[in-house]
Each structure stands twice: as structure tokens, then as C-alpha cells.
Amino acid sequence: MAAAKDGEEASDSPSSPKKVYKDPDDGRQRFLLELEFVQCLANPTYIHYLAQNRYFEDEAFIGYLKYLQYWQRPEYIKFIMYPHCLYFLELLQNANFRNAMAHPANKELAHRQQFFFWKNYRNNRLKHILPRPLPEPAEAPPPAAAPPLPPAPPVPTPVTAAPGPALSPMQYGIPPGSALMKNDMRSSSIDRRKRKKDV
């Protein structure tokens, strides 16, 4: 009987190995469930649903949200497909944000802001990543001294006594006896249409 008591005391001592729970799938299912839940937090409508159903009033649930912050570490962040979920997870640590998300107007505001972020993400990113100054214009070398041109002879301009009416820049017809020729491409001697060639 004393041997039985010694055996019981030995199993209660801290040095003896205890049975440790071992997942049959090495935690794969837990990993996938937590990943799915964290990524659901990228949806403001889902956060609104949680707030409406008073999940945020449960201390155990708030503790679970604190526990899920390990997804922000680099070895886990590579599995996240919706990075907004990490931002919302961080915001959910604040009680004011949790309470505000119970109101539909705040849900719509968060959803709208998320949409505008996605809409302008590329332009904003390029604006901050690639701020390149405009290229400086290369100064042109001074022009080589060209020989001066001889002065042009003055052209006599005929002076008429009474100028006629000013001609319109949009002449639809040529006045009779005018020396100006109409530039009509239709009367060109070359026919620009493609013609079938007989073989």
C-alpha cells in the first residue's frame, strides 16, 4: 500500500512528465480557422455584425482578439491575403472603436474609406515611391557664329487708292477673275482609290 501512495505522489510531482495534448493534425485546422477569422475582420460589415450581436462585450472574446495579434508577426503575415484585416484587428483593441462599429453610419464610413483606399492605392503609392524631379534641360552650346546674311532688298508694296472688302479667311467660292486657285483635292489628276488589278 505504501508503494501505491509513493506512485501517486511521484505522478503529482513537477518533475514527472504529464500528458500533453497533441493535435492530431499538428494544429493545421486551428491555424486555418484562426486565419479565416482574422481575414474576415477586413470586412467592416462583419465587424458591425459582431458589434450588433454584442460579441465585443464578452471579455473572453476581447482576450481572443488580443491573442490574435500574433498574426502581425512576419512568420504569419505572409499567409494573410487581405491586409486590411490586420489594421482592423489593431483598431479592435480600442474599446471606443468597438463601440462605434455598432452604429450603421460608422460601418458605412469605414467601408467607404476602405473603398477609396483601394481605388487610389496605386496612384498614391506611385506618388510616394517615385517622386522624381523633372529632368533639367541641358544647356545648348552657344551657336557658332554664322556669317551675316546680306540685307534683303526692299520689296516695293503697291498702294491702291481704295482697298476692296476684306476677304474672308473661309472663302467658299472664288470671286470671278481672281488669281487665287481653289485647292480642290477632288479634281486632282491622281485617283487615290484602290483599284482591283486584273491579272
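Atom-to-atom distance recorded for Q52:CD and H103:NE2 is 8.5 Å, nearest 0.5 angstrom. Rounded to the nearest 0.5 Å, atoms CG (L91) and CG (N96) are 11.5 Å apart. Atoms CD1 and CG, from I47 and N106 in turn, are 12.0 Å apart once rounded to the nearest 0.5 Å. Atoms NZ and CE, from K107 and M101 in turn, are 8.5 Å apart once rounded to the nearest 0.5 Å. Rounded to the nearest 0.5 Å, atoms CG (L35) and CD1 (I80) are 5.5 Å apart. One finds the CD atom of Q39 at 12.0 Å from the CZ atom of F37 (value rounded to the nearest 0.5 Å).
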message: What verdict does the side chain to side chain contact (heavy atoms under 4.5 Å, CB included) test give for F56 and L50, after you've listed the backbone C-alpha separation in whole Å, the side-chain angles of each residue and the deciding distance to 0.1 Å?
response: CA-CA 7 Å; F56 296 143; L50 293 175; 3.7 Å; yes
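Put simply, the side chain of H48 does not reach to within 4.5 Å of the side chain of H111, judged on heavy atoms. Two residues are said to be in side-chain contact when any heavy atoms from C-beta on lie closer than 4.5 Å; R54 and F61 fail this criterion.
L109 and L41 fall into different hydrophobic clusters, where Ile, Leu, Val, Met, Phe, Trp and Tyr residues are linked whenever their side-chain heavy atoms come under 4.5 Å apart, directly or through other members. F117 and L89 fall into different hydrophobic clusters, where Ile, Leu, Val, Met, Phe, Trp and Tyr side chains are chained together by heavy-atom contacts under 4.5 Å. Both V38 and I77 belong to a single network of hydrophobic side chains, linked directly or stepwise wherever heavy atoms of I, L, V, M, F, W or Y lie under 4.5 Å apart. By the criterion of side-chain heavy atoms lying less than 4.5 angstrom apart, applied directly or through intervening Ile, Leu, Val, Met, Phe, Trp or Tyr residues, I62 is not grouped with L92; the two fall into different hydrophobic clusters. Hydrophobic clustering places Y67 together with F31 (ILVMFWY residues linked when any side-chain heavy atoms are closer than 4.5 Å, directly or through intermediates).
Shown here for L86 and Q72, the closest heavy-atom pair between the two residues is O-NE2, 3.5 Å. Looking at every heavy atom in both residues, A42 comes nearest to F88 through O-CE1, 3.8 Å.
Within 6.0 Å of CD in Q29 there are 12 or fewer heavy atoms belonging to other residues, nucleotides or ligands. The number of heavy-atom neighbours closer than 6.0 Å to OH of Y49, taken from other residues, nucleotides and ligands shown, is 12 or below. More than 12 heavy atoms of other residues, nucleotides or ligands sit less than 6.0 Å from atom CD of E75.
Here R112 does not pair with E108 in a salt bridge; the nearest charged N to carboxylate O distance is not below 4.0 Å.
When ring centroids are compared, Y76 and F79 stay outside the 6.0 Å threshold.
In terms of modelled atom types and a separation under 3.5 Å, the side chain of Q114 and the main chain of N43 share no donor-acceptor contact. The main-chain N or O of Y55 is never found under 3.5 Å from a side-chain atom of N53 such that the two would form a donor-acceptor pair.
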